[in-house]
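Below is one structure, written out as structure tokens, with a few remarks after it.
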Amino acid sequence: MFKKDISAGSKSKVKSSAQRGIRAKILEQYPKLEEHIEEIMPKKEQLDLVKLPDRVALYTLGSTPLFFQHMDDPILPHLTIVHKYPDAFPRLRIDRGAIRFVLSGATLMAPGLTSPGGRLPNDPEDPEGRYGKEELEAGEVVVIEAEGKETACMVGVLTVGTAEMKKTKKGQACDAGHYLGDGLWGLTLG
Amino acid sequence: MAESVPKQITYCGVCSLPPEYCEFGGTVKKCEDWLKEHHPSLHGKLYSQEAIEQNLSTLSLEAQKRAEKDSQKKAAKAAASEARAQEQRDNSKVLIKRIERNKRKYVTAVQGLEAFGLDIKKVAKDFGKKFATGSSVTKIPGGGEEITVQGDLSDDIYDYVVETYKDIPEDNVECIEDKKKKAAG
């Protein structure tokens, strides 16, 4: 979505009623964020909405980007939020070979997740359940981590359910939403 | 409210990624030096011999070669783009023009600030605030935009630009006087 460098458009304040709505929506989408939400977007603070190209809206608090949304698609977290609260999102892991493709903005393909270095939910090689026990459906928002790294490198929307991915092991797995080093990552807010 | 503290992440000062991912950017060498200087402990962890070996062992030989080629290409690209930006910076000039408007009245036009990565709209606002005059961004006939400040402020603006925007070398800022083009009409 943000392969090219982007520049921020107009910035406007979010109505407090709309702010409540956003907050509720985020909590509905990421229930595990409940305990952190007060730190991420305190009730009293004024959120800003920054318009980005291609009808993407970015919600910010001061000059820290928090979440972004393309039209009425699911709200996605900015990677800095993911880095701060890694436990609050459903996670998958890709193998080492796939990292460089992801970081240059390619669509994530299934083999990167199904190979020995990758992790999907309910993986036999993941006894602690770090990557969850429930299979994820297509359309869910996932955070992509990488083999041998601690921090996440991408946020995206699954195009195929994880159960099916395990069966076919082919094709696109996840639309690149926001990855390390993309335009949104490089965006500086004045 | 749970008292869990958000995880603190250090970001690389060179490529802005978390240091773990520096190796995938084009500026690995610089990133490494930066990390060594600012976060020695992290540097030790990430760039130790073991860590590098472990990274390599997980890939097949062929994939390693491909990755290496790719990263070389990327590094070359990054270096080239940086050099180009630097060159452009060296070559571009900031022109401060004093234009006579009406015998004793002048406006001052400033061109070429955008080449130094400045947002001219913002700079125009700053000029207006600093000098307490009208200041606006206007289109110029040859394409592009310039800042027009009301009043003869060429010397003040020269000082201000050199003072505030350290990125711009003083030699690249030039004051010129423009005699009235009114005769055209």
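Chain letters run A, B, ... following the sequence lines, proteins first and then strands; every chain starts at 1.
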*Side chain, backbone, both or neither: which part of A/Ala152 has a heavy atom under 4.5 Å from chain B?*
backbone
*Output yes when a side-chain donor or acceptor of B/Tyr21 lies under 3.5 Å from a complementary backbone atom of A/Lys149, and no otherwise.*
no
*Please answer: with hydrophobic residues joined when any side-chain heavy atoms are less than 4.5 Å apart, are A/Val141 and A/Phe68 in the same cluster?*
yes
*asked:* Which residues pass the side chain to side chain contact (heavy atoms under 4.5 Å, CB included) test with A/Asp73, not counting sequence neighbours?
replied: A/His70
*asked:* With a 6.0 Å cut-off (strictly less than), is the heavy-atom count around NZ of A/Lys166, excluding the residue itself, greater than 12?
replied: yes
*Taking every heavy-atom pair that is under 4.5 Å apart, which of A/Cys153, A/Gly186, A/Gly181, A/Pro86 has the most such pairs with chain B?*
A/Cys153
*What's the shortest heavy-atom distance between A/Gly148 and B/Glu20, and which atoms?*
O-OE2, 4.4 Å
*Out of curiosity, B/Leu17 CG to A/Leu103 CG, how far, rounded to the nearest 0.5 Å?*
7.0 Å
*Single-linkage hydrophobic cluster A/Phe101~A/Ile94, side-chain heavy atoms < 4.5 angstrom*: no
*Taking only residues at least two apart or on different chains, which pairs with a member in residues 172-182 of chain A satisfy side chain to side chain donor-acceptor pair (under 3.5 Å)?*
A/His178-A/Asp182
